[in-house]
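Indexing begins at 1, ligand by ligand and atom by atom, following the structure's order. Everything quoted here is computed from the prediction, not taken from an experiment.
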Amino acid sequence: MRVRKAVIPAAGMGTRFLPLTKASPKELLPLLNRPVIHAVVEEATGSGVGSIILITGMGKNAVEDYFDISPHLERTLKEAGKDDLLREVAGASRMVDVVSVRQKEQKGLGHAVLCAREAVGEEPFAVLLPDDVFQSKRPCIGQLLDPFERFGKTVIALQEVPTSTVHRYGIIDGEEIEPNVYRIKRLVEKPSPEDAPSNLAAVGRYILPPETFRVLDSLEPGAGGEIQLTDALDRMAGESEVYGLVIEGTRHDMGNIMGFLTANIEFALADEELGPMLRAYLARIEGRQ
Ligand code: UTP
């Protein structure tokens, strides 16, 4: 069955980015001149997943506004002959069909996904966490669609992480059944390095079947007192089949300051106009040390 809908959970409090997130949603942090949520939506639409369900909460109105049409701004840009900017602004509001659903209490990522139940209905769907942005030849969610089409089962994105950081992720225990594809036996949320079954972490992109909602609905709070998507996947790995694909590309975690910096530096270096200027600047400050 074709994956048509993407759920983007954006209701988290973003404590790692306080005090900025006190007044501004982290989904609007800049990735060059666009907010990071723009890149994530583009990743979904670029992979043919054209219907977006945004999970928002208190203080996130600006994220919804970003995808609205701004007639006044568009008129002003048109009158000023600023066609490039007009294309950019109009493109953001018309790129996609966005429906938003409110998560009224921040009870965890699993709970945020469960809020999309009505909007998704009985069909497979993608989940993209806007904290994670990828630089890859092929959009990350598009890479997951291949194994999903072959197996017709849950597929999640994996990346190897250093042992010292496993406590930040959902970590898998699985068997490699073909190059870079794992059949997952179980998942553990935020394990200590001693308890981690591997170094392979779930990294913010998932293709899930509608059964996920029934499992999430039956879960008790897990790590951190939150309803964890990892716990639902662990249950599904025991009852059905869950696959993991080690994805190709570089990931930046925009939810923390270092990831925000590396993402902007790497995207700027890859940009035709900014790249040479940034390289020259970096060479200059290197000489200063
Ligand atoms: P995080 O674990 O990064 O939590 O959420 P957070 O609150 O956003 O950020 P920190 O850790 O406090 O800095 C992973 C994803 O799940 C969403 C977040 O918006 C983010 O995209 N989320 C998390 C929700 O939508 N609702 C929740 O209750 C929790």
Side-chain angles (χ1 to χ4, degrees), residues 5-29 31 35-44 52-64 66-67 98-120 125-134 140-141 156-157 159 161 165-171 187-191 201-206 208 212-213 216-217 219-233 251-261 263:
K5 297 179 180 175
V7 176
I8 304 187
M13 284 186 258
T15 52
R16 286 169 295 158
F17 240 111
L18 279 169
L20 179 123
T21 41
K22 197 174 151 222
S24 169
K26 66 175 170 178
E27 294 73 22
L28 295 185
L29 280 169
L31 191 52
V36 61
I37 190 96
H38 185 124
V40 175
V41 167
E42 212 166 54
E43 181 187 328
I52 304 291
I53 299 154
L54 201 58
I55 311 299
T56 64
M58 277 260 257
K60 302 281 183 164
N61 293 352
V63 182
E64 293 166 27
Y66 180 74
F67 293 103
V98 179
V99 170
S100 68
V101 177
R102 225 57 195 173
Q103 184 191 21
K104 293 188 182 163
E105 279 178 278
Q106 275 67 53
K107 293 192 202 166
L109 172 59
H111 180 258
V113 172
L114 184 56
C115 292
R117 189 178 199 164
E118 293 285 309
V120 170
F125 60 103
V127 173
L128 295 92
L129 305 192
D131 278 356
D132 284 331
V133 287
F134 293 85
C140 181
I141 203 74
I156 71 174
Q159 268 196 340
V161 297
T165 66
V166 288
H167 64 281
R168 297 192 206 143
Y169 300 92
I171 300 290
L187 288 102
V188 192
E189 179 64 16
K190 301 189 168 68
V203 287
R205 298 290 185 272
Y206 312 79
L208 302 173
T212 313
F213 295 122
L216 283 170
D217 201 21
L219 285 181
E220 294 295 325
E226 297 189 335
I227 304 288
Q228 298 287 356
L229 182 60
T230 304
D231 293 347
L233 292 167
R251 177 179 61 94
H252 303 279
D253 178 0
M254 291 280 292
N256 70 60
I257 300 171
M258 192 59 196
F260 163 77
L261 291 172

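Of the N or O atoms in G108, one or more lie within a sub-3.5 Å distance of an N or O in ligand 1. Considering backbone and side-chain N/O of I55, none are found under 3.5 Å from N/O of ligand 1. Among the atoms of L129, none of the N or O lies under 3.5 angstrom from an N or O of ligand 1. The shortest N/O to N/O separation between D131 and ligand 1 falls below 3.5 Å. Annotation: G14 places an N or O atom under 3.5 Å from an N or O atom of ligand 1; distance criterion only. Considering both main-chain and side-chain atoms, G255 never comes within under 3.5 Å of ligand 1 through any nitrogen or oxygen pair. The shortest N or O to N or O distance between R16 and ligand 1 is under 3.5 Å.
Below 30°, between 30° and 60°, or above 60°: for F213 and F125 the angle between ring planes is below 30°, a parallel geometry.
Here the closest heavy-atom approach between residue F134 and residue V203 is recorded as CZ-O, 3.4 Å. Contact detail for G12 and Q106: the closest heavy-atom pair is CA-CG, 4.5 Å. Looking at every heavy atom in both residues, P9 comes nearest to P130 through O-CD, 3.2 Å.
Distance check, rounded to the nearest 0.5 Å: OG1 of T15 to CG of N256 gives 11.0 Å. From E105, atom CD reaches atom CE of M58 across 11.0 Å, with rounding to the nearest 0.5 Å.
By the 4.0 Å heavy-atom criterion, H111 is excluded from the residues contacting ligand 1. Ligand 1 is approached by K26 to a heavy-atom distance shorter than 4.0 Å.
Nearest to atom 24 (C) of ligand 1 among the protein's heavy atoms is G12 N, 3.4 Å. Among protein heavy atoms, the minimum distance from atom 12 (O) of ligand 1 is reached at T15 OG1, 2.5 Å. Residue, atom and distance of the protein heavy atom nearest to atom 16 (O) of ligand 1 are L109 CD1, 3.5 Å.
Q103 and H111 share a donor-acceptor pair across their side chains, judged by distance under 3.5 Å alone.
Using a 4.5 Å heavy-atom cutoff, the side chains of V101 and T56 are not in contact. Side-chain atoms of D231 and L233, non-hydrogen and from C-beta on, never get closer than 4.5 Å to each other. Contact annotation: the side chain of Y66 approaches that of H38 to within less than 4.5 Å [non-hydrogen atoms, C-beta and beyond]. Two residues are said to be in side-chain contact when any heavy atoms from C-beta on lie closer than 4.5 Å; E226 and P221 fail this criterion.
Ranked by closest heavy atom to atom 21 (O) of ligand 1, the top entry among C115, G110, P9, G224 is P9.
Distance check for atom 6 (P) of ligand 1: a protein heavy atom is found below 4.0 Å.
Only the side chain of Q103 comes within contact range of ligand 1, with a heavy atom under 4.0 Å; no backbone atom does. Counting heavy atoms closer than 4.0 Å to ligand 1, residue N256 contributes nothing at all. Residue A11 touches ligand 1 through backbone and side chain together, judged by heavy-atom distances below 4.0 Å.
For ligand 1, the atoms lying closer than 4.0 Å to a non-hydrogen atom of P130 are 21 (O). Of all atoms in ligand 1, numbered sequentially from 1 with element shown, those under 4.0 Å from a heavy atom of A112 are 24 (C), 25 (O), 26 (N). Less than 4.0 angstrom separates some heavy atom of Q106 from each of these atoms of ligand 1: 28 (O). Near K107, with a cut-off below 4.0 Å to any heavy atom, the atoms of ligand 1 are 28 (O).
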Show the numbers, then the answer: is there a side-chain contact (heavy atoms from CB on, under 4.5 Å) between L261 and M254?
-> CA-CA 8 Å; L261 291 172; M254 291 280 292; over 6 Å; no
Given side-chain contact (heavy atoms from CB on, under 4.5 Å), test V99 with L54 step by step and report yes or no.
-> CA-CA 6 Å; V99 170; L54 201 58; over 6 Å; no
